[in-house]
Structure formats: structure tokens, C-alpha cells
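Report on the following structure.
Below, chain A is the first sequence line, B the second, and so on; all start at residue 1.
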Amino acid sequence: MDSYQQIIFKLKTYWSDRGCVIQEPHDLEVGAGTMAPETFLRVLGPKPYRVAYVQPSRRPADGRYGENPNRLYKHQQLQVILKPTPDDVVEQYLGSLEAVGIDLTKHDIKFEEDNWESPTLGAWGIGWQVMLDGLEITQFTYFQQCGGIDLELVPAELTYGLERLTAFLQVKDSVYDIDWTPGVTYADVRLADERQFSVYNFELADIATLWQLFELHEKECQQLLEAYPEYPEKQRFPLLAAYDQVLKCSHLFNLLDSRGAISVTERVGVIGRVRKLAVGVARAWVDQQAPAPEGVAAC
Amino acid sequence: MLTAPFLLEIGTEEIPDWMIESALKQLAESFRAVLEEHRLAAAALSVDGTPRRLVLRAESLLTRQSDSEELLTGPPKSAGEGAAAGFARKLGVEPSALQSIATPKGEYFGYRRKVKGRTAAAILAEKLPGLILNIAWPKSMYWTGQGGPRFIRPIRWLLALLGGKVVDFEIAGVRSGAYTSGHRRLGRKRIRVTAPDYESKLRENFVIVSAAARRAKIENDIAALLPAGLRVKPDPGLLDTLVYITEYPAPILGSFDEQYLALPAEVLVTVMRHHQKYFSVCDAEDRLAPYFVAVMNTSADPEGLVRRGNERVLRARFNDARFFWDFDQQKTLAGRVEDLKHVTFQARLGSYFDKTTRMLALVEEFGGDETARRAALLSKCDLTTEMVKEFTELQGVVGGLYARAQGEPEEVAQAIYEHYKPVGMEDSIPATAAGRIVALADKTDTLRGCFSIGLIPSGSRDPFALRRAAQGVVKILAESGLPLAVSRLAGGDEQLREFLLDRVKYYFRDYRGFRYDEVNAVLAAGWDDLADAGSRLEAIRAVRPTPDFEPLAGGFKRIKNILRQAQFAGGGELDPGRLESGPERDLFAEFERLRGVVEEQRARRAYRPALEAIASIRPTVDLFFDKVLVNAPDGEVRRNRLTLLDRLLTEFSSIADFSEIVTQ
């Protein structure tokens with residue numbers, strides 16, 4: 001039986017064989033693999049791209065102090081972006097399940113309608129949750145819009161819930177019992193992380209500090225976005241750094257939310273503030289990607 | 001005329017189950033329209049579908065339009081032979097082939113040109129792409145790139161055969177052909193078919209094209225699967241979903257540990273139905289049994305892998321539910337009232353705490369007791385629980401269950417439990433008095449609030465489900481007999497009053513099945529007391545077939561017209577001394593006699609005898625109109641007669657306005 005990490009290796013190899021860049025996770029807190037710039041920014045514009053990476057995804061409000069066998073503050077997603085979508089994308093996806101040892105002639109696979117939307121990113125898509133013997137193992141989305149921009153090429157996004165998939169394959173009732181590698185369980189690697197961050201996210205994070213940080217990162221992002229139009233050498237402009245500020249804001253918003261610190265009237269407004277930044281970066285990014293008149297190659 | 005069988009299959013990625021029937025209906029309708037427009041005809045046209053294919057078939061389709069003629073008009077005769085020759089030359093025919101045609105503007109040269117009928121294949125090849133892409137979906141996507149065609153999910157193959165030939169067209173880079181595709185894992189990818197063998201070839205490849213056949217398979221297989229004494233909880237909605245989420249449905253029976261039966265049945269059923277799409281299983285006494293039926297989209301589960309997988313998922317879900325239950329008990333509902341400040345009801349209408357405060361005031365206004373006040377205070381607290389965050393559809397139910405577990409009075413728990421009822425027209429209203437008051441307060445607040453900030457439903461847009469809320473209000477008032485005026489619930493908002501009146505009409509017509517004219521007649525006589533309006537409608541329905549009723553309605557309409565034409569303002573005294581003996585005095589006497597009877601019956605709400613009494617005046621009214629000239633030359637006599645008619649109309653319209661009744 002494959003360990004957690006072997007399953008990850010196999011999936012990465014599978015997608016590597018199908019032309020994907022195998023990336024490492026983005027090194028900031030994100031709520032989902034979609035938010036990593038390898039997805040959010042790369043899906044914009046006319047350039048084809050294929051990438052796969054494991055993205056630890058933090059959702060502070062989902063933490064359960066390590067006491068719930070199926071819920072995690074930070075879970076790991078395998079994120080695959082195929083841009084543009086190949087015609088046989090569903091077949092390729094099913095092939096990836098077979099690659100990790102699932103004999104699909106003996107299992108029940110269903111595609112249930114599930115459209116995805118992220119108001120903070122101004123992004124949405126159409127797709128399914130993929131159910132394997134009644135277990136949701138993948139979110140399959142055809143991106144339609146990102147950063148408020150209609151996408152030129154429609155990418156397929158496959159998001160595998162790695163803990164769930166492994167628990168299924170290893171026949172484990174708790175994610176903490178899955179074998180990360182023989183002799184080392186998921187709990188050995190991650191339980192302390194879940195406990196400590198649950199305490200921090202729900203109890204000890206200082207609300208005033210979080211607000212201050214939010215505003216600092218917001219200001220930094222705004223400062224950059226304001227500078228972009230006048231900046232002489234567009235290709236060198238640090239939009240990637242601006243986007244990191246968006247991610248910081250988004251994560252701080254989630255933290256504030258899990259602390260119960262965002263009031264009714266504030267909530268919609270704060271989402272709007274993050275969205276405004278995300279949309280601003282996306283617009284500038286599309287502009288930056290457009291072929292430069294001097295023929296300077298895009299990065 | 002030559003005909004051939006026609007077969008169209010639009011091969012797609014998985015279409016959401018609930019959209020398929022409507023798409024098929026549209027497909028059939030627009031196909032028929034194309035046939036009609038192009039003088040083609042088909043016999044035995046049918047549609048069917050699975051999540052991966054929309055299928056349209058005709059057993060026989062004309063393969064060619066009949067030939068036709070078109071009349072081309074040339075120059076007027078007066079222009080002479082030269083003009084005619086020019087016209088003929090342009091058409092490429094001999095001038096002798098022209099004929100003269102008479103028009104209102106005079107004689108013209110004309111030519112009847114024979115138009116050869118086009119082939120159905122050519123017409124369909126031209127029309128099918130537009131027809132397919134014009135199917136309206138609730139939400140569509142593009143996949144080939146910006147500006148590309150939109151459909152519900154990507155189209156991956158097209159099968160289009162007329163007789164043995166492919167009808168050639170292309171959509172989104174996919175060319176039509178003679179091939180279909182089987183079940184994703186059990187069937188072959190590319191299968192050559194003909195119209196006659198299409199269904200059987202697919203069946204061999206684990207696709208049952210017919211939805212009816214899939215439905216029958218699910219039902220029959222379930223019956224064969226269940227041990228004696230057990231049955232699945234009937235669930236037509238879930239069955240529909242499963243029919244359209246599978247190409248080859250196969251039910252399996254799974255079980256769960258009996259210890260989970262300690263959780264409330266509501267929670268277990270919700271997990272099974274809404275989250276896992278399982279049927280729950282009941283024993284002979286209708287108690288939940290520790291089994292479930294899942295429907296696979298594959299042929300069989302010989303090794304029990306699918307069953308065990310589903311059982312594990314369900315166990316995890318039940319464990320979650322138990323975890324939520326235990327976790328939630330750490331804080332009582334009463335302790336959560338403050339937390340409602342953090343839950344948005346509507347951005348401009350504030351939090352659920354604000355809503356609760358308003359609901360409490362409404363409970364007071366509606367005469368609710370201490371039970372209703374307590375229930376209203378706690379009614380929304382379950383929105384802060386883990387259980388409801390996870391199983392949103394259990395809001396209210398969870399609150400009720402928790403209230404009971406936390407030692408709130410049973411009546412309070414019950415009222416919380418049922419305060420979202422009725423959730424639809426067919427759902428029952430809350431059973432308890434407090435439940436009804438809280439339900440009314442909740443819905444009334446939502447309606448008043450949304451209307452006050454302009455969130456008024458229009459067309460199919462009703463994001464706050466205000467129609468359902470209004471329908472609930474109407475149903476509760478009509479069926480509980482609570483002495484609350486519908487129009488008072490509108491709180492002085494004229495638009496909301498109209499909206500509620502609309503729902504009242506809908507309720508009596510579409511749910512209670514009264515005829516629209518009966519509803520109009522009764523509501524015209526007042527609709528503040530809906531239970532009473534219901535009784536009056538019952539009486540009308542009972543009396544309507546009697547011979548006097550409809551003629552009397554005609555008589556009342558006549559009275560109304562006469563009064564209107566005379567611009568009669570009413571109000572004057574009736575002078576019995578001025579009445580002529582004969583039909584006029586008789587009418588007055590009969591009116592005076594019946595008035596007392598009707599009034600007494602009406603006061604007792606004995607509407608049927610009251611209506612029968614009113615109807616019995618019909619011969620007297622008829623005779624009056626036969627013999628008496630209302631518009632008498634003498635002004636005083638005329639006024640007196642109009643007064644008599646006016647009083648008759650007013651007195652006898654308090655149960656229903658008979659002039660609204662549509663007579664034969």
C-alpha cells in the first residue's frame with residue numbers, strides 16, 4: 001500500500017509525464033492552491049501553461065484542535081492547471097486515479113455539479129466535485145474568470161484533496177492515522193501544527209495586531225498598484241510582490257474571521273477591499289504580459 | 001415521399017442532473033420548429049438523455065422537402081414587350097414562358113419558378129449547430145477560448161445520422177459522425193452505430209439511454225436488494241437526481257453501526273440524502289434502520305469495494321455529526337443570542353441579532369405568549385452551531401433538538417423546530433400555536449425588511465425566497481385561523497400588500513383548486529380573514545352547480561352595470577311608499593325577508609345556506625327586470641329603484657361579489 005508521500009510522488013510523476021511543470025508550493029499562507037500565483041496569475045493572458053504542485057492550504061476557521069478525524073486547519077492540495085484544457089481532460093484525470101492504484105472498473109465514480117467561486121479573488125468557474133465511492137476526492141473546475149477578467153484560454157483546474165484520497169486508499173477512518181511514510185503517521189508530522197494553530201487562530205491571535213497588519217499589507221499593495229502605470233520598465237515592475245500582499249491580506253481576513261472579529265457590516269466591505277487589490281493586480285498583470293512594443297520578451 | 005430514421009446525440013461531459021429534462025424539452029421543441037419552417041415532417045419524434053448525452057430521434061423523417069413554386073413579379077404590362085424581354089433575359093428564360101398576373105396596381109409580367117426541395121440532410125446540417133447552441137441553460141460556460149461557443153459543459157462528440165448517412169456539421173471543433181461513446185470505464189470509447197441499433201449497442205457498452213428504463217432499473221433492483229421487512233423511504237426528488245446522474249445505475253445496500261441511531265433521525269437522513277444521495281431505509285414501524293441504499297454508476301460491486309467505501313464515508317459523516325452535537329452542547333442556545341450579532345441576515349437589514357429583536361416585537365404584536373417569545377428569542381441561535389454550519393438545511397430542526405436536549409420547555413423546543421415551516425405549498429404549517437406565531441414573525445420580518453429596501457422579487461429573480469415566505473404566511477393564516485389580517489402583516493407597505501394578495505390568489509387557485517372567478521368574487525368581499533375566505537369559497541363551490549346560482553350572478557352583474565351607467569352614488573333612503581305594486585314591491589318584500597335570513601346565517605358563518613337563500617331571490621330579480629323599467633321618467637321613482645338595487649347588491653355581496661362570477 002502506498003504511503004502519503006508515495007501517492008504524491010505518483011501524481012506528480014503522472015502530471016509531469018503529461019507536460020506539467022512540477023512546482024513547489026508558494027511560500028506564503030494561502031487558503032487554496034488556486035491562490036498561489038502559479039494559478040491565479042498564470043491562468044490570465046494568452047500563454048499556454050501546465051503546472052502541478054502540492055499547496056498546503058490554510059483555513060483558520062476549519063481548525064478543530066486536531067480532535068476531528070476529518071477536519072484540518074491546514075490541508076494539502078495537489079493543484080493541477082492545464083491551460084488550455086485538452087479535449088481529453090476528463091480521461092487524463094481518470095488516468096491519474098488509475099496511476100495511484102484505483103481500478104475504476106471496480107469503483108463508482110460520479111461527476112456532481114459544483115461550481116466554484118472566490119469572491120475575494122474575483123474568480124469563478126464551472127465544474128464538478130468528483131465522487132469516488134461516495135467520497136469527494138477532487139474539485140474539477142473550468143475557470144471562466146479570474147481577477148474579474150474573462151479568461152482568454154480556459155484552463156482546467158484539478159484540485160485533489162490529498163489527505164482524503166490517501167485515507168481512501170489506505171482504508172483509514174482518521175486522517176491522523178494515515179501513513180505519511182512507513183512508520184510515520186500523519187499525526188506524527190502534523191498534529192502539533194493543528195493543535196497550536198487552532199489555539200492561535202481561535203483564541204490568541206491579537207485582533208488589533210491583525211487589523212494593523214491587514215492595513216499595512218493593503219497599503220503596500222495599493223502603493224505598488226498606484227506606481228505601476230507610470231513605471232518606465234513595465235517588465236521589471238514587481239507585480240508578483242504586489243500579489244503577495246494580496247495573499248497576506250486574504251489570510252489575515254480569514255484569521256480575523258476565525259477570531260470572530262469581523263462584524264456584519266464590515267464583512268462584505270473587507271472582502272471587497274481584498275477583491276479590489278486582487279483585481280488591480282490581475283489587470284496590471286495582463287497588461288504586463290501583453291507583448292511589449294520594443295519586443296522585450298515577457299518573463 | 002422518401003423517409004429515413006433520424007438520430008442525433010450530443011455527447012458532452014457530465015451535465016448537471018436537474019438541467020437535463022428541460023434541455024431535452026427545448027431540443028424537441030426547436031427541432032419541431034425547424035421541421036415546420038422547412039416543410040419537413042417527422043414521425044415518432046422523441047428525446048432522451050443521460051448526463052453525457054442528449055438524444056433526439058425520429059423513426060422517420062422526410063429526406064427531402066417537396067418541390068415548390070415561387071412567383072416572381074416583373075415590369076408592368078404597360079412597359080411593353082421590350083421590358084418583358086429584359087425581365088426574361090435576367091431570369092434566363094424565353095419571354096414566352098412569362099405570364100401575366102393581375103395585381104391591385106394592374107397587370108404585370110410574372111414568372112413562376114419551380115424550386116426544387118432541398119434535402120433534409122442539407123437543412124439539418126445548416127440548422128443543427130444553432131439549434132443545439134441555443135438551448136438555454138441556467139448557467140453556461142465556454143471552453144475553447146474567449147468568444148467560443150457556450151454550452152452547459154464541453155461538447156466532446158456529435159452523432160448525427162439520417163438513414164445511413166452522417167448529417168455533416170461542426171460545433172466547437174467537433175465534427176459530427178456516426179460514432180457514439182460508451183460508459184466512461186465499462187464501455188468502448190468509439191462505437192459505430194446506426195439508428196436502429198443505437199440503443200442496443202449502447203446497452204452493450206453499459207449506457208441505458210432511456211431515463212424511464214434507468215428509473216425502472218433502480219426501483220426494481222432496490223426491491224430485490226432489501227431484506228424482508230425493510231423499505232426505502234420514498235424520495236421522488238432523490239430518485240430523479242439518481243436517474244440523471246447515472247448512465248448505468250446499480251443500487252447497493254450498505255449498513256452502518258446501530259450506535260449512530262442514537263443521533264436524531266433528522267440528522268441521519270439529511271446526511272444520507274443531501275450529502276451522500278443515499279436512500280434511507282425504514283423498518284415496518286417506519287423507524288430508521290441501520291441501512292442505506294446508494295446508487296452506483298457502474299454495473300456491479302462483486303468485491304464489495306464500493307459498498308465498503310460508501311460505508312466508510314458515511315461513518316465519517318456520522319462521526320462528524322456526533323462531534324458537532326457534542327461540541328455544540330458546550331454552549332446553550334440561550335448563551336448564543338449575543339453571537340448572532342456576528343451572523344449577517346442581510347447587509348442592510350443587519351445581523352440575525354437585529355432580526356431576532358424585530359421578531360420579538362412582532363410576536364408581541366401578534367399576541368404571542370411567553371412560549372412564543374422564548375422560542376423567537378432562541379429561534380435563530382442554531383445558526384451559530386457547528387451542526388447547522390455543516391448541515392444548513394437543518395436550521396430550525398437543530399435548534400429544536402438542542403432546545404429539548406438543553407431542558408427548554410417542550411413547547412418552546414417544538415416551536416423552534418418547526419418555525420421554518422411550511423417550506424413549500426405541500427408542506428404542513430407548524431403544528432403548535434407558538435410555532436405558528438414564530439413562523440409568522442420570521443417570515444413577516446423578512447418580507448417587510450426586504451420590501452423596505454427594494455429587494456422585491458421580479459420574474460424569476462427572488463434571491464431571498466420572498467415568494468416562499470409570503471406563501472408560508474398565507475398558508476399559515478388560511479389554515480390556522482389565527483385572527484390576523486393579512487394586510488396588517490404588510491405593515492402599511494402597499495407593494496407588499498399587493499404581493500401578499502397575489503399569493504392569496506395563488507394559494508386558493510393553485511393549491512386549493514378553486515376557480516379563478518370564485519376566488520376573485522370571494523376576495524372582492526374581503527380577504528383579511530383568510531380562513532373565513534376559505535369557508536366562503538367552499539360555500540360558493542357547493543352552491544355553484546345549483547340552477548339559480550349562475551343566473552343570479554348574471555343578474556348581479558346587470559345591477560352593477562345599471563348602477564354604473566346611472567352613475568348612482570347610493571346613500572339615499574329607500575321609500576317603500578314609492579314602490580309600484582307587482583314585481584317591484586315583490587322584490588322589495590323578498591329582499592326584506594331574505595335579508596334577515598342571510599344576515600343571521602352569515603353571522604354564524606353558515607355561508608352555504610346564506611348563499612342558497614341569496615340565490616333563491618333569482619326568479620324575483622328576473623321578473624323585476626322583465627317588467628320594471630329602472631330608468632323611469634320620474635326622477636324620484638328612478639332614484640328609489642336604483643336605491644333598492646344598490647341595497648340588494650351591497651347586502652348580498654358581503655360573502656362574495658357575484659358580479660365577478662363568469663357565467664356561461
Legend entry - Beyond-backbone contact of Trp128(A) with Glu14(B), side-chain heavy atoms, under 4.5 angstrom: yes

Inset, instruction - Output the residues of residues 239-256 of chain B for which the shortest heavy-atom distance to chain A is under 4.5 Å, in residue-number order; output 'none' if no such residue exists. - result: Ile245(B), Thr246(B)

Inset, instruction - Determine, for Phe323(B) and Arg71(A), whether the Lys NZ or Arg CZ falls below 6.0 Å from the six-membered ring centre while staying within 45 degrees of the axis. - result: no

Legend entry - Sub-4.5 Å side-chain heavy-atom contact between Ile126(A) and Arg153(B): yes

Inset, instruction - Using a 4.5 Å cut-off on heavy atoms from C-beta on, say whether the side chain of Glu112(A) contacts that of Lys277(B). - result: yes

Legend entry - Separation between CG of Leu104(A) and CG of Leu186(B), rounded to the nearest 0.5 Å: 10.0 Å

Inset, instruction - Search all heavy atoms of Asn70(A) against all heavy atoms of Ala316(B) and return the closest pair with its distance. - result: ND2-CB, 3.4 Å

Inset, instruction - Answer yes or no: is there a side-chain heavy-atom contact under 4.5 Å between His107(A) and Leu305(B)? - result: yes

Inset, instruction - Go through the structure and list residues passing side chain to side chain contact (heavy atoms under 4.5 Å, CB included) with Asn201(A), not counting sequence neighbours. - result: Pro60(A), Tyr73(A), Phe197(A), Leu255(A), Ser258(A)

Inset, instruction - Against chain B, work out which of Asp114(A), Val89(A), Leu135(A), Val90(A) has the most heavy-atom pairs shorter than 4.5 Å and name it. - result: Val90(A)

Inset, instruction - Apply side-chain contact (heavy atoms from CB on, under 4.5 Å) to Lys139(B) and Gln144(A), showing your working. - result: CA-CA 12 Å; Lys139(B) 196 163 195 177; Gln144(A) 303 284 291; over 6 Å; no

Legend entry - Sub-4.5 Å side-chain heavy-atom contact between Glu113(A) and Trp18(B): yes

Legend entry - Rounded distance [0.5 Å steps], CG in Asp87(A) versus CH2 in Trp143(B): 10.5 Å

Inset, instruction - Taking all non-hydrogen atoms of both residues into account, name the closest pair between Gly134(A) and Tyr278(B) and its distance. - result: CA-OH, 4.4 Å

Legend entry - Side chains of Ile109(A) and Arg184(B) in contact at under 4.5 Å (non-hydrogen atoms): no

Inset, instruction - In plain terms, say whether Glu98(A) and Arg185(B) are close enough for a salt bridge, that is, a side-chain N and a carboxylate O under 4.0 Å apart. - result: yes

Legend entry - Side chain to side chain, Arg312(B) and Asp173(A), heavy atoms closer than 4.5 Å: yes

Inset, instruction - Between chain B and each of Gly127(A), Ala156(A), Ala167(A), Pro155(A), count heavy-atom pairs under 4.5 Å; write down the option with the most. - result: Gly127(A)

Inset, instruction - Determine the minimum heavy-atom distance between Val313(B) and Asp133(A), stating which atoms define it. - result: CG2-O, 3.9 Å

Legend entry - Neighbour count above 12 (heavy atom, 6.0 Å) for Lys74(A) NZ: yes

Legend entry - Any Tyr142(B) side-chain heavy atom under 4.5 Å of Asp150(A) side chain: yes

Inset, instruction - Applying salt bridge (Lys or Arg N to Asp or Glu O under 4.0 Å), run through Glu91(A) and Arg156(B) and close with a yes or a no. - result: CA-CA 12 Å; Glu91(A) 279 307 312; Arg156(B) 293 306 184 197; over 6 Å; no

Inset, instruction - Take atom OH of Tyr291(B) as the centre, draw a 6.0 Å sphere, and report whether it contains more than 12 heavy atoms from other residues, nucleotides or ligands. - result: no

